[in-house]
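First comes the structure, then the notes that go with it.
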Amino acid sequence: MRIRRVLEQGSVGSDVTVAGWARSVRSGKGVTFIALNDGSCLGGIQIVVGPELHNFEAVARLGTGSSLSVAGKLVESPAVGQRFELVAATVTVYQDATPDYPLQKKRHSFEYLRSIAHLRPRTNTFGALFRLRSFLSQAIHQFFGERGFLCVHTPIITGNDCEGAGELFRVTTLDPAALSRAPGGVDYSADFFGRATGLTVSGQLEGELFALAFGDIYTFGPTFRAENSNTPRHAAEFWMIEPEMAFADLAADAALAEEFFRYLCRRVLEECAEDMEFFTAHLDRGLMERIGKVAGTKFQIMEYGDAIVQLQRAKVPFVYPVKWGVDLQTEHERYLTEQVADGPLFVVNYPREIKAFYMRGNDDGRTVAAMDLLVPKVGEIIGGSQREERSDLLQCRMVEMGIPPEGLWWYLDSRRWGSCPHAGFGLGFERLIMYLTGMENIRDVIPFPRTPRHAEF
RNA sequence: UCCCCAUUAGCUCAGUCGGUAGAGCAGGUGACUGUUAAUCACCUUGUCCGUGGUUCGAGUCCGCGAUGGGGAGCCA
């Protein structure tokens, strides 16, 4: 039986069997206590082992990390610290953990735990984190499923070289030695796909094609960027959520983003309470209050132009100067969401020069229908836009930005027949987890992170 | 990729003015009928990241390199 179920539904006096890993073994002369954890919940269960057990001596000497199963009777605990405890009738040891087990009964640094990423799921923090990650993943599918969105699996291997969202990882079966020797460039027509291919940097373009058939769709899958970014917010492999809605404008897009974000805040507070309390106590004292506030607040909307005015009026000094036309830096975003809005804030209608080719041009001729959702402590967490559905304007924009239209002929085809207004946004899954847990490094919210020079495990 | 910081026991860290290193935890032995990262007593543990230099002498100062972290850029 899973320990979580025992603690939630177990009745005093019942016989139960649990299996897990010892977090702590405390031995007195006549009694040994084992804190047993099976990953189903943060707390684990206290096992009481008495000297009448035939293997009491061996059990009393077990090390932290040992795997064992325990059959016994559930009783009310006479001591404070837990409601129930399990009085062992039999203890079966699968394997003792020797003293060289890298996880000790003490606090370890996140840096050290990263170096033993194969073992860190057995710690409190990473247990709570990966339970929350799993829950959140399912909640995202539920959110869209309940609203009739189609889940689409966009390709991971792509031939698009010009999505404009970062460096591509090459995918090839050509001999690396021959590649470097190729005179006058590599002949990709001889490659596996008969063309140059790479790992996807976004499923958006394919997502749009499905939105123009199914109406409301979303993707939730892995994404790859070969940027040499060494920061706590970047990974070479991460997961992204990208909904897309046909017959929707920017306002509808922002409304969906708000509903989505508040839904997820509410769900983790309600259903990951124990783990959220752990994060609040150990990582970020203001966490649950902040998430709760977001879950219950109507988000504000501000024009980019007004945001610039607000920033120019600000009494605080910014490292990066502000004027109409510049992109907002994290320091600007945080000022707007923390000082001006004091809560989540959409900034909409950005200058077209600083945004992607597919964003819909506004009538003023100098802005596009883009939106960023800014949240306190982080800055931008969601970026989206209404897409340019007018074929001629889209092609003009691609030419202006140096993107060869012929490479995206199929994308442009979607604007040839039955084009319609549509909009969508993207949310980095790991950044969402960081926001919801207070974890400050993306390498600590992915099971086995891939970053420059790191592909271990 | 650029800038800054760090690297000392299995882990977390201290190490003064340049004089061959020491705390806690872990581990070992013992004590304790109920502990909560148990407690108490005693004991063990070192390529001071590597490399070159300065010096009578370098964990400590200087150069180069490696690794890690933070900031910036890019972005999700």
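None of these values were measured; they are calculated from a predicted model. In what follows, chains carry the letters A, B, and so on, assigned in the order in which the sequence lines appear, proteins first and then strands, with residues in each chain numbered from 1.
Pairs engaging residues 248-261 of chain A under the salt bridge (Lys or Arg N to Asp or Glu O under 4.0 Å) rule: A:R147-A:E259, A:E258-A:R262, A:E258-A:K298 [sequence neighbours left out]. Within the structure, the ring-ring contact (aromatic ring centres under 6.0 Å, His included) test picks out the following pairs touching residues 78-108 of chain A (sequence neighbours left out): A:H108-A:Y112.
With a cut-off of 3.5 Å on both pairing distances, the Watson-Crick and G-U wobble pairs of RNA chain B assemble into stems of 3 or more at B:1-7 with B:66-72, B:10-13 with B:22-25, B:27-31 with B:39-43, B:49-53 with B:61-65.
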Distances under 3.5 Å only, N/O to N/O: pair up the protein atoms with those of nucleotides 10-15 of chain B.
residue	atom	partner	partner atom	Å
B:G10	N2	A:Q104	OE1	2.5
B:G10	N2	A:Q104	NE2	3.3
B:G10	N3	A:Q104	NE2	3.2
B:C11	O2'	A:H108	ND1	2.9
B:C11	O2	A:K106	NZ	2.5
B:U12	OP1	A:S109	OG	3.0
B:U12	O4'	A:K106	NZ	3.1

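Considering only residues two or more places apart in sequence or on other chains, A:F279 meets the ring-ring contact (aromatic ring centres under 6.0 Å, His included) condition with none of them. Considering only residues two or more places apart in sequence or on other chains, A:R443 meets the side-chain contact (heavy atoms from CB on, under 4.5 Å) condition with A:R114, A:N441, A:P449, A:T451. Under the ring-ring contact (aromatic ring centres under 6.0 Å, His included) criterion, A:H332 pairs with A:F318, sequence neighbours left out. In this structure, A:E52 has no salt bridge (Lys or Arg N to Asp or Glu O under 4.0 Å) partners at least two apart in sequence or on a different chain.
Annotation: proximity of residues 447-457 of chain A to RNA chain B (heavy atom, distance under 4.0 Å) is found for A:R453, A:H454, numbered in ascending order. Within residues 250-261 of chain A, no residue has any heavy atom closer than 4.0 Å to RNA chain B. Contacts between residues 65-78 of chain A and RNA chain B, defined by a heavy-atom separation under 4.0 Å, are made by A:S77, A:P78.
Comparing A:S27 and A:T64, the nucleotide of RNA chain B nearest to each residue sits closer to the 5' end for A:T64.
Rounded to an integer number of Å, the gap from OH of A:Y320 to P of B:G71 is 13 Å. Atom CD in A:E333 sits roughly 14 Å away from atom C1' in B:G73 (whole-Å rounding). Rounded to whole angstrom, the span from the CG atom of A:D444 across to the P atom of B:G68 amounts to 14 Å.
Set against B:U1, B:G70, B:G73, the side chain of A:N228 has B:U1 as its closest nucleotide.
B:G65 and B:C5 are spaced 15 Å apart, taking the P atom of each and rounding to whole Å. With both ends at atom C1', the span from B:G50 to B:G68 equals 15 Å, rounded to whole Å.
Residue-level contact check: A:E85 touches the bases, meaning some heavy atom is under 4.0 Å from a base atom. Note on A:P232: only backbone sugar-phosphate atoms sit closer than 4.0 angstrom, heavy atoms only; bases stay farther off. The residue A:I382 sits apart from the nucleic acid: no heavy atom pair falls under 4.0 Å.
The base of B:C75 is not paired with the side chain of A:S229 by any donor and acceptor separated by under 3.5 Å.
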TODO: Using a 4.0 Å heavy-atom cut-off, write out nucleotides 40-47 of chain B from 5' to 3' as B (base contacted by protein), S (sugar-phosphate only) or - (no contact).
DONE: --------
